[in-house]
S.K.: 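Below you'll find the structure I mean.
Whatever order the structure lists ligands and atoms in, that order sets their numbers, starting from 1.
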Amino acid sequence: MRLFIAVNFSVETCVRLIRLQDALRAVATRGRFTTPENLHLTLVFLGSCTPAQTLAAQAVMDAVAFSPFPIAIDRLGRFLREGGDIWWAGVQSPEPLMFLQRDLADRLRIAGFQLEDRPFHPHITLGRDIIAPMPTKTVSPFGETVCNISLMESSYTAGKLIYTPIYSVLSNTPEA
Ligand code: ATP
Ligand code: MG
């Protein structure tokens with residue numbers, strides 16, 4: 001199973017993200033846009049996992065402790081790619097988010113997962129293979145309080161990319 005750990009969003013946040021996509025779609029000459037149900041913030045990408053690794057990842061999620069914390073989306077950006085860029089909505093990096101991501105990654109490594117070493121740049125992919133002029137970078141900040149994280153399975157079903165939550169944990173310490 002191809003797995004990653006992510007934050008999923010409320011309907012309200014998704015609606016705001018869809019509006020950003022719509023603005024981008026209006027100026028793009030090309031692109032594949034993330035479907036609304038697939039909008040998410042990846043914390044850690046695990047890749048292909050055995051059933052034993054899947055259980056180990058769940059145990060790590062059980063072991064991390066985090067209080068609910070707010071996140072805010074405040075800008076647009078892109079990763080330049082040959083033939084079409086990846087466009088994303090940038091998430092601010094408050095300490096609780098960064099700490100949770102680091103804690104998960106550290107514990108997963110201790111549990112034997114070989115994770116990529118690239119620094120964590122919290123973002124929500126809005127679309128791929130996009131050819132568009134750079135629009136205004138800043139957006140009026142919006143967001144929500146993160147109260148749970150999910151282990152997601154990434155699969156192709158009938159040619160359609162589907163992310164399915166297979167395990168979730170709630171914040172387990174009181175709000176700071
Ligand atoms: P596709 O690869 O089919 O175009 P996708 O990238 O959305 O679609 P996955 O590759 O399964 O689907 O990735 C799931 C999530 O993990 C996405 O948010 C993706 O950006 C992220 N991700 C994938 N590979 C890595 C990686 N090597 N490092 C960090 N994040 C990754
Ligand atoms: Mg990918």
S.K.: Could you work out, for atom 26 (C) of ligand 1, the closest of R128, R118, R32 by heavy-atom distance?
M.R.: R118
S.K.: Could you name the option among Y156, F4, W88, F45 that has the heavy atom nearest to atom 23 (C) of ligand 1?
M.R.: F45
S.K.: Do I124 and L104 share a hydrophobic cluster, counting only Ile, Leu, Val, Met, Phe, Trp and Tyr and linking them when any side-chain heavy atoms are less than 4.5 Å apart?
M.R.: yes
S.K.: Which is it for R25 and D22 under the salt bridge (Lys or Arg N to Asp or Glu O under 4.0 Å) test, yes or no, and what are the steps along the way?
M.R.: CA-CA 5 Å; R25 199 181 269 111; D22 287 343; 2.8 Å; yes
S.K.: Only one of L41, N8, V44, L100 clears side-chain contact (heavy atoms from CB on, under 4.5 Å) with I149; which?
M.R.: L100
S.K.: Examine F79 and F120 and state if one hydrophobic cluster contains both, with Ile, Leu, Val, Met, Phe, Trp and Tyr joined whenever side-chain heavy atoms are less than 4.5 Å apart.
M.R.: no
S.K.: Compare all side-chain heavy atoms of V146 with those of L97 and state whether any distance is below 4.5 angstrom.
M.R.: no
S.K.: Is the gap between the ring centers of F99 and F66 under 6.0 Å?
M.R.: no
S.K.: Would you mind listing which atoms of ligand 1 come within a distance below 4.0 Å of any non-hydrogen atom of S154?
M.R.: 9 (P), 11 (O), 12 (O)
S.K.: So which heavy atom in the protein is nearest atom 12 (O) of ligand 1, and how far is it from that ligand atom?
M.R.: Y163 OH, 3.4 Å
S.K.: So is there a nitrogen or oxygen of H40 less than 3.5 Å from a nitrogen or oxygen in ligand 1?
M.R.: yes
S.K.: For atom 15 (C) of ligand 1, what is the nearest protein heavy atom, given as residue, atom name and distance?
M.R.: T42 OG1, 3.5 Å
S.K.: Give me the residue, atom name and distance of the protein heavy atom closest to atom 10 (O) of ligand 1.
M.R.: R2 NH2, 2.6 Å
S.K.: Identify the closest protein heavy atom to atom 8 (O) of ligand 1: which residue and atom is it, and at what distance?
M.R.: L161 CD2, 3.5 Å
